[in-house]
Q: 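Below is the structure I would like to discuss, written out as structure tokens.
Starting from 1, each residue takes its place in the sequence as its number.
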Amino acid sequence: MRTTQRRRPELASFLRSRRARVTPADVGMPPGLRRRTPGLRREEVAQLSGVGVTWYTWLEQGRPINASAQVLDAVARTLRLDLPEREHLYRLAEVPFAGVPERLPQETGPEVQGIIDALDPLPAVVYNSRYDILATNQGYRDLFLIREVIEIGVPNALWTLFTVSEEACPVLYRERELPVMVATLRSAYGRHVGEPAWEGYIAALAAASPYFAELWASGEVVRPGPRVKTFRHRAVGVLRMTSQSLSIDGMPECRIVVYTPEDEETREKSRLLRETGFSSSGAKEN
């Protein structure tokens, strides 16, 4: 109740500020005489949106009235709101927002690559919400890109982990970690239901891996978060790493995942992995 009471004044203030920004000329109306407001009047917004003047006035006054998505869409069009403003309007009115689906980013710019390179020797990677691998640093490649992974040839972490042999899988406890990753994928899938790229990806991975199909059918959902994960590398053995996700401005549904040693033993093994000069194939370089 307290949150609702706080949102109502914010909604009122937001609508007034957006209304003041739109001039009659913007919506094809004559300016008229004795106009005391720099933008549209309340009754003009109501008329252009196809809603009652009293209802819109109450909405802008922050009164406890219900608003449907259709009505909010009409008001948003009249007030010429862009997508972030439209989402903000919905949140303030406490109406679920279904935005226009955005294509997932498939590459990073030099700035993001520079950030993860600066984190080296800590392994770091950029994923989108489908676990496509968009960028890596040398520490990540040293840890994960063994020969069997490279031969799969699909730059997607989930696809790799579900299709590489269990003996070659960099994740030691697959039965513990893979269900969490699939549940994280499902939490993102809710924003993309019916999109061909997502549906095709899930269908193809389910066909390639019965284990993935089984986990996907369970319907579990979790959000990304810090976890301690256990990996293995043929050069140095078992490593325990804490994974931490960081969001990226301007790249929706993407995150930098950084792995830090969980204990002194792993820290020493990570140092040896770098100093001994093992290549991503697991063989020592000359």
Side-chain angles (χ1 to χ4, degrees), residues 103-108 116 123-137 139-245 253-259 262 280-282:
R103 188 177 69 86
L104 288 183
Q106 293 298 317
E107 59 184 14
T108 63
I116 63 173
V125 60
V126 179
Y127 293 131
N128 62 23
S129 57
R130 204 167 50 222
Y131 281 99
D132 293 328
I133 299 172
L134 308 187
T136 62
N137 68 3
Y140 181 92
R141 294 190 289 272
D142 287 343
L143 183 58
F144 294 109
L145 295 191
I146 61 174
R147 181 179 291 110
E148 291 86 347
V149 169
I150 295 172
E151 288 174 351
I152 290 173
V154 179
N156 180 275
L158 268 182
W159 190 281
T160 296
L161 294 177
F162 276 101
T163 58
V164 74
S165 68
E166 186 170 354
E167 295 75 21
C169 184
V171 174
L172 184 57
Y173 302 116
R174 288 174 39 144
E175 73 283 355
R176 185 172 67 193
E177 297 302 332
L178 296 191
V180 175
M181 294 181 71
V182 173
T184 303
L185 177 73
R186 186 176 280 280
S187 73
Y189 171 72
R191 296 186 291 273
H192 301 278
V193 174
E195 294 180 23
W198 275 78
E199 300 295 348
Y201 166 74
I202 292 166
L205 186 49
S209 169
Y211 185 35
F212 172 82
E214 175 188 339
L215 293 176
W216 185 256
S218 71
E220 296 295 326
V221 175
V222 299
R223 289 193 173 277
R227 289 179 56 81
V228 177
K229 300 183 178 182
T230 306
F231 304 106
R232 58 186 166 191
H233 193 284
R234 64 190 56 175
V236 295
V238 174
L239 304 100
R240 286 169 47 82
M241 298 275 199
T242 298
S243 67
Q244 180 65 60
S245 297
E253 298 190 49
C254 291
R255 63 191 188 278
I256 296 174
V257 178
V258 185
Y259 299 90
E262 174 64 14
S280 59
S281 66

Q: Atom CG of L158 and atom CE of M181: how far apart are they, to the nearest 0.5 Å?
A: 4.5 Å
Q: Judged by atom type as modelled, is there a donor-acceptor pair below 3.5 Å linking the side chain of E199 to the main-chain atoms of G194?
A: yes
Q: Contact between K229 and V171 at the side-chain level, heavy atoms closer than 4.5 Å - yes or no?
A: no
Q: My understanding is that only residues two or more places apart in sequence, or in another chain, count here; which of them pass side chain to side chain contact (heavy atoms under 4.5 Å, CB included) with A183?
A: E220, V222
Q: Tell me, please, which residues at least two apart from R227 pass side chain to side chain donor-acceptor pair (under 3.5 Å).
A: E177
Q: Any ring-ring contact (aromatic ring centres under 6.0 Å, His included) involving residues 160-183? Give me the pairs, sequence neighbours left out, ordered by first then second residue.
A: F162-Y211, F162-F212
Q: Using only atom types and a distance under 3.5 Å, with no angle test, would you say the side chain of R186 pairs donor to acceptor with the backbone of W216?
A: yes
Q: Testing the 3.5 Å rule here: is there a donor-acceptor pair between the side chains of Y189 and E195?
A: no
Q: Looking at every heavy atom in both S187 and V221, which two are closest together, and how far apart are they?
A: CB-CG1, 3.5 Å
Q: Picking from L172, L143, L239, what satisfies side chain to side chain contact (heavy atoms under 4.5 Å, CB included) with R232?
A: L172
Q: To the nearest 0.5 Å, tell me how far T108 OG1 sits from N128 CG.
A: 11.5 Å
Q: Give the minimum heavy-atom separation between V164 and E148, together with the two atoms involved.
A: CG2-CB, 4.0 Å
Q: Run the side-chain contact (heavy atoms from CB on, under 4.5 Å) check on Y140 and V257 step by step: do they pass?
A: CA-CA 10 Å; Y140 181 92; V257 178; over 6 Å; no
Q: According to side chain to side chain donor-acceptor pair (under 3.5 Å), does anything in residues 155-171 pair up with another residue at least two apart or in another chain? List the pairs.
A: D132-N156, N156-Y201
Q: For residues P123 and D142, determine if any side-chain heavy atom of one lies less than 4.5 Å from a side-chain heavy atom of the other.
A: no
Q: Taking ring pair (Phe, Tyr, Trp, His ring centres under 6.0 Å) as the test, write out the residues that go with Y259, two or more places apart.
A: F144, F231
Q: Quick one: pull up OH in Y127 and CG in L134 and give me the separation to the nearest 0.5 Å.
A: 10.0 Å
Q: When rounded to the nearest 0.5 angstrom, what is the spacing between OG in S129 and NE2 in H192?
A: 4.5 Å
Q: Who passes side chain to side chain donor-acceptor pair (under 3.5 Å) against E262, sequence neighbours left out?
A: T242
